[in-house]
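Heavy-atom basis, side chains included; hydrogens, waters and symmetry copies ignored.
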Amino acid sequence: MRLEGEVTVPVDLDRAREVLSNPDSMVKCLPHLASWERLSEREILAVFRLDIEGVVEYLARLRAEARIRVKQEDPGTIRYVIDGRAARAPYRGTIVLRLEDLGSRSTRIRWESELDLGRLAAFLRAFIDVESLINRVVDDIVKGLESCLKL
């Protein structure tokens, strides 16, 4: 599954880069975060809990683990490489952020993501609209990052 979008935030490029390229800062901006731990200077293990409405009771709350590696590819590009598990099924993904200085303390963030849910997608499709759930989660992440950067 491929998703992309952009958002403009009222912070200068250096502040956006500082927050988004630092795993300790970035993880605190993520919604649905239950806990996290640092694995190395550029890697964290995060646990998320996501409420899923309208499904069988034992799936009303989905727990997902994500090992996230942060790579600063160049001054304007940050890549997150994600390997995780949810509902006992592995998933993988990448998120690439491209930062552009718009001047006047404003930064455009263009993002694109590739997500491979594998067996998890097949399992969840039996109960919910997976694409709708993914779009909702992505929306939450973008809003979380946007509000975190404004601080």
Next item on the list: Check whether any side-chain heavy atom of L99 sits under 4.5 Å from a side-chain heavy atom of I78, and report yes or no.
Entry: yes
Notebook entry, point to check: Is R63 salt-bridged to E65, cutoff N-O under 4.0 Å?
Noted result: yes
Checklist line | D140 and K143: CA distance, side-chain angles, deciding distance, salt bridge (Lys or Arg N to Asp or Glu O under 4.0 Å) verdict | finding: CA-CA 5 Å; D140 289 349; K143 287 176 185 167; 5.4 Å; no
Notebook entry, point to check: Do I68 and P23 touch side chain to side chain, with heavy atoms closer than 4.5 Å?
Noted result: no
Item checked: disulfide (SG to SG under 2.5 Å) pairs, two or more places apart, involving residues 17-48 -> C29-C148
Item checked: Residue pairs, two or more places apart or on separate chains, that pass disulfide (SG to SG under 2.5 Å) and touch residues 91-122 -> none
Checklist line | Side chain proximity check, L30 to F48, heavy atoms < 4.5 angstrom | finding: yes
Checklist line | Hydrophobic cluster membership, L102 vs V9, 4.5 Å side-chain cutoff | finding: no
Checklist line | Atom pair CD1/OG1 of I109 and T8 - distance to nearest 0.5 Å | finding: 8.5 Å
Notebook entry, point to check: Got a second to check how far T107's OG1 is from L97's CG, nearest 0.5 Å?
Noted result: 12.0 Å
Notebook entry, point to check: Between L20 and L149, is any pair of side-chain heavy atoms under 4.5 Å apart?
Noted result: yes
Item checked: Single-linkage hydrophobic cluster M26~L39, side-chain heavy atoms < 4.5 angstrom -> no
Margin query: For the CG atom of L145 and the NZ atom of K28, what is their distance to the nearest 0.5 Å?
Written below: 14.0 Å
Checklist line | Pair D12 + R15: basic N to acidic O under 4.0 Å | finding: no
Note to self: Would a single hydrophobic cluster contain both I141 and Y91, if residues Ile, Leu, Val, Met, Phe, Trp and Tyr are joined by side-chain heavy-atom contacts under 4.5 Å?
What the structure shows: yes
Using a 3.5 Å cut-off and no angle test, enumerate the donor-acceptor pairs between side-chain atoms of residues 111-118 and protein atoms at least two apart in sequence or in another chain.
from: E112; atom 1: OE1; to: R98; atom 2: NH1; distance (Å): 3.4
from: E114; atom 1: OE2; to: R2; atom 2: NH1; distance (Å): 3.1
from: D116; atom 1: OD1; to: G118; atom 2: N; distance (Å): 3.1

Notebook entry, point to check: Between V19 and I95, is there a shared hydrophobic cluster once you connect ILVMFWY residues whose side-chain heavy atoms come closer than 4.5 Å?
Noted result: yes
Notebook entry, point to check: Is it true that V137 and V47 fall in one hydrophobic cluster, defined by side-chain heavy atoms closer than 4.5 Å?
Noted result: no
Margin query: Among residues at least two apart in sequence or on other chains, which ones pass side chain to side chain donor-acceptor pair (under 3.5 Å) with R105?
Written below: none
Notebook entry, point to check: Would you say E37 and I44 make side-chain contact, with heavy atoms under 4.5 Å?
Noted result: no
Notebook entry, point to check: In chain order, what residues pass the side chain to side chain donor-acceptor pair (under 3.5 Å) check against N22, with sequence neighbours excluded?
Noted result: none
Checklist line | V27 and L33, any side-chain heavy atoms less than 4.5 Å apart | finding: yes
Note to self: Test your reading of the model: is there a side-chain donor-acceptor pair from R42 to the backbone of S21, 3.5 Å cut-off?
What the structure shows: yes
Check: Can you pull the side chain to side chain donor-acceptor pair (under 3.5 Å) pairs that have at least one residue in residues 75-84, sequence neighbours excluded?
Finding: R69-D83, E73-R79, D74-T77, D83-R92
